[in-house]
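Shown next, in structure tokens, is the structure this report addresses.
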Amino acid sequence: MDEVDVLVIGSGPAGSITSRYAAMKGVSVMFLERRSEVGVPVRCGEFMPSDEEIVDMFPKLKDEASLFDIPDELRCIDINGIDLINPAGKTTKLEFSGYTTDRDRFDQYLAKLAQEEGAVLSKSHVFQGIEDGIARTSKGDIRYKVIVGADGPGSKVAQNLGLAKNRNPYPAVTAQVKGDFGDSMKMFFGGIAPGAYGWIIPKDGRANIGVGMSPKFSNGSLRSYFEKFTERNGLIPETKIMGKYVPSEGPIAKTVSGNGMVVGDAAGQVISVNGGGIPLAMIAGRICGNVAADNVLNGTSLQTYEAEWRDVMEAPLKTAAFNKKLADTFAFRSDFTTKMCMGILGKRRMANLIRCKRIFP
Ligand SMILES: Cc1cc2nc3c(=O)[nH]c(=O)nc-3n(C[C@H](O)[C@H](O)[C@H](O)COP(=O)(O)OP(=O)(O)OC[C@H]3O[C@@H](n4cnc5c(N)ncnc54)[C@H](O)[C@@H]3O)c2cc1C
């Protein structure tokens, strides 16, 4: 039977960063990925906020520069704003900085950093469950001291640890189109179906396009809404349409149980109002990896992870979840209410909304 100090399930940003920081402290780390290639297929809008925007949202974050030190070749173009477009086509322009990436190459880079620190990546390897404190996997049993679930929104590790599921995750699909789309992201609210929104996120001579929807308000097929969105905006997808679920209600109640932790989407560490989760998975992953290693080396309680990530991220994430609830209650029911609420909010409050800040008073 394989034995390892820290077993991490998943090689997305949460899993790779957790593995990297745990391995940096000298413990043995293995991270499993059920897919045959890290990051493939891409199921993401591929936007990363700038360090300045991340710190503005999470002011307690320290040493962001080393965590988000992403090489230039992984940055497609700089993004300088967001255009929020209401159901009648009226645009509100907001400043917001960041860059777009190719998410497959991005995830592969993070996994490589973890491997360079000594973490062992095992691909096409599926975690199946925990029995008697041992991980059952498609390639045999693995004994571990600490297990980390970085296995995405429907986390099997969370379930096996007796932790809560993400409630009401919403489905979203994405594809790539060719063309020049400037340097502002476009977010379209309403116009497709109640509770559905679309995006065009510019890349170099291409763009990532997509549609997400709240099943609470729309019961049609997401693919048909995507087709409506592409037709309306004259977009011709060049790639297969890929989809996934996005946690929408903020972090789950507890992220530690026994000798296990969950991180990233598995923990609901996603900004409810815009579905952004890459930087959060990385912030929490660094804390998780450090605490996992400290637990193995000197018995540090895993509750330290719970306390530390909540200190940095919980308040802004709860504000975002509250704002999302307000939007669901008052705005997303129909095009009419969406348009009216966007008008009432105006530019300043919408800028607060996308930055996890309070919109009232
Ligand atoms: C359509 C869409 C668009 C998005 N756009 C953006 C965006 O533009 N910017 C942004 O910041 N965020 C975006 N997000 C959110 C972002 O993609 C996630 O928050 C982020 O990927 C979370 O990282 P993670 O490592 O927690 O999970 P994931 O990236 O989901 O990684 C989990 C990994 O675990 C693996 N896995 C799962 N189960 C098992 C198992 N049993 N055994 C082994 N391996 C397993 C999976 O194959 C996967 O590789 C978007 C999400 C969606 C769905």
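Side chains included, hydrogens not; waters and symmetry mates left out as well; all remaining heavy atoms used. This one's a predicted model, so the numbers in the text were calculated from it and none came from an experiment. Read the numbers this way: they start at 1 and go in the same order the structure lists the ligands and their atoms.
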- Are any of the N or O atoms of A266 closer than 3.5 Å to those of ligand 1? no
- Message: To check your reading of the model: name the closest protein heavy atom to atom 15 (C) of ligand 1, its residue, and the distance in Å.
- Response: G275 O, 3.3 Å
- Message: I'd like to know if the side chain of T338 and the backbone of A331 have a donor-acceptor N/O pair within less than 3.5 Å.
- Response: yes
- Where do K123 and S36 come nearest, in terms of heavy atoms and distance? CD-O, 3.4 Å
- ligand 1 atoms in contact with I9 (distance to a heavy atom under 4.0 Å): 40 (C), 42 (N), 43 (C)
- Note on the structure: Out of G152, S11, G243, the nearest non-hydrogen contact to atom 27 (O) of ligand 1 is supplied by G152
- Task: Output yes when a side-chain donor or acceptor of S28 lies under 3.5 Å from a complementary backbone atom of D5, and no otherwise.
- Result: yes
- Message: Do the side chains of K254 and E306 get close enough for a salt bridge, i.e. N-O under 4.0 angstrom?
- Response: no
- Query: Would one find an N or O of P13, backbone or side chain, under 3.5 Å from an N or O of ligand 1?
  - Reply: yes
- Message: Any side-chain to backbone donor/acceptor pair from N166 onto P153? Under 3.5 Å, distance only.
- Response: yes
- Query: Are Y170 and ligand 1 in contact, using a heavy-atom cut-off of under 4.0 Å?
  - Reply: no
- With a 4.0 Å cut-off on heavy atoms, is H125 touching ligand 1? yes
- Keeping the roles fixed (side chain from S257, backbone from G260), state whether a donor-acceptor pair exists under 3.5 Å. no
- Which of the numbered atoms in ligand 1 are below 4.0 angstrom from a heavy atom of V126? 41 (N), 42 (N)
- Message: Is P279 close enough to touch ligand 1? Criterion: a residue heavy atom under 4.0 Å from a ligand atom.
- Response: yes
- Nearest non-hydrogen protein atom, atom 22 (C) of ligand 1: D265 OD1, 3.2 Å
- Query: What atoms in ligand 1 come closer than 4.0 Å to a heavy atom of G264?
  - Reply: 26 (O)
- Item | Protein heavy-atom partner closest to atom 37 (C) of ligand 1 - residue, atom, separation in Å | D151 O, 3.3 Å
- Item | Hydrophobic cluster identity match, V177 and F226, side-chain contacts under 4.5 Å | yes
- Query: So which bit of D107 gets within less than 4.0 Å of ligand 1, heavy atoms only: side chain, backbone, both or neither?
  - Reply: neither
- Could you tell me if any non-hydrogen atom of R103 lies under 4.0 Å from any atom of ligand 1? yes
- Message: Whether the side chain of D69 engages the backbone of A65 through a donor-acceptor N/O pair (distance < 3.5 Å, no angle test) should be reported.
- Response: no
- Item | Among G268, G98, A14, closest by any non-hydrogen atom to atom 25 (O) of ligand 1 | A14
- Indicate, as side chain, backbone, both or neither, the part of S155 found under 4.0 angstrom from ligand 1 when only non-hydrogen atoms are considered. neither
- Query: Sub-3.5 Å donor-acceptor pair from the side chain of N86 to the main-chain atoms of G89, do we have one?
  - Reply: yes
- How about L297: does its CG atom have over 12 heavy atoms from other parts shown lying under 6.0 Å from it? yes
- Message: Looking at D56 and K357, is any side-chain nitrogen of the basic one under 4.0 Å from a carboxylate oxygen of the acidic one?
- Response: yes
- Query: Checking salt bridge (charged side-chain N to carboxylate O under 4.0 Å, His left out) for the pair R35/E37: CA distance, chi angles, key distance, verdict?
  - Reply: CA-CA 5 Å; R35 299 191 264 181; E37 221 178 319; over 6 Å; no
- Query: Distance-only, no hydrogens or angles: does the S272 side chain make a donor-acceptor pair with backbone N or O of S248 under 3.5 Å?
  - Reply: yes
- Item | Exam field: side chain D180 to backbone G182, donor-acceptor pair closer than 3.5 Å | yes
- Query: With atoms numbered from 1 as shown, which atoms in ligand 1 lie under 4.0 angstrom from a non-hydrogen atom of R35?
  - Reply: 47 (O), 48 (C), 49 (O)
- Of all the non-hydrogen atoms in the protein, which one sits nearest to atom 36 (N) of ligand 1, and at what distance? R34 NE, 3.8 Å
- Could a heavy atom of C44 be found less than 4.0 Å from some atom of ligand 1? yes
- Sequence neighbours left out, what passes side-chain contact (heavy atoms from CB on, under 4.5 Å) with M350? Give chain and number order. L84, T92, L94, M342, L345
- Message: If we set the cut-off at 4.0 Å for heavy atoms, which region of V246 has an atom near ligand 1: side chain, backbone, both, or neither?
- Response: side chain
- Provide, to 0.1 Å, the distance between atom 12 (N) of ligand 1 and the closest protein heavy atom, together with that atom's residue and name. G277 N, 3.0 Å
- Does an N or O from Y245, backbone or side chain, lie closer than 3.5 Å to an N or O of ligand 1? no
- Less than 3.5 Å between some nitrogen or oxygen of G45 and one of ligand 1, yes or no? yes
- Query: At a 4.0 Å threshold, what atoms of ligand 1 neighbour a non-hydrogen atom of A150?
  - Reply: 32 (C), 33 (C), 34 (O)
- Item | Side-chain H-bond candidate by donor/acceptor type, E46 with T100, under 3.5 Å | no
- Could you find the nearest protein heavy atom to atom 31 (O) of ligand 1 and give me its residue, atom name and distance? G12 CA, 3.5 Å
- Item | N or O pair under 3.5 Å between A172 and ligand 1 | no
- Query: For residues N208 and T174, is any side-chain donor paired with an opposing acceptor at under 3.5 Å?
  - Reply: yes
- Message: Minimum distance, heavy atoms only, to atom 52 (C) of ligand 1: which one of K156, K244, R43, Q269 is it?
- Response: R43
- Message: Among all the protein's non-hydrogen atoms, which is closest to atom 47 (O) of ligand 1, and how far away is it?
- Response: E33 OE2, 2.6 Å
- Which of parallel (below 30°), tilted (30 to 60°) and perpendicular (above 60°) describes Y197 and Y170? perpendicular
- Item | Proximal atoms of ligand 1 relative to F47 (non-hydrogen, under 4.0 Å) | 7 (C), 8 (O), 9 (N), 10 (C), 11 (O)
- Query: Considering only protein heavy atoms, which is closest to atom 41 (N) of ligand 1, and at what distance to one decimal place?
  - Reply: F127 O, 3.1 Å
- Item | Element-labelled atoms of ligand 1 that are located less than 4.0 Å from some non-hydrogen atom of G10 | 33 (C), 34 (O), 35 (C)
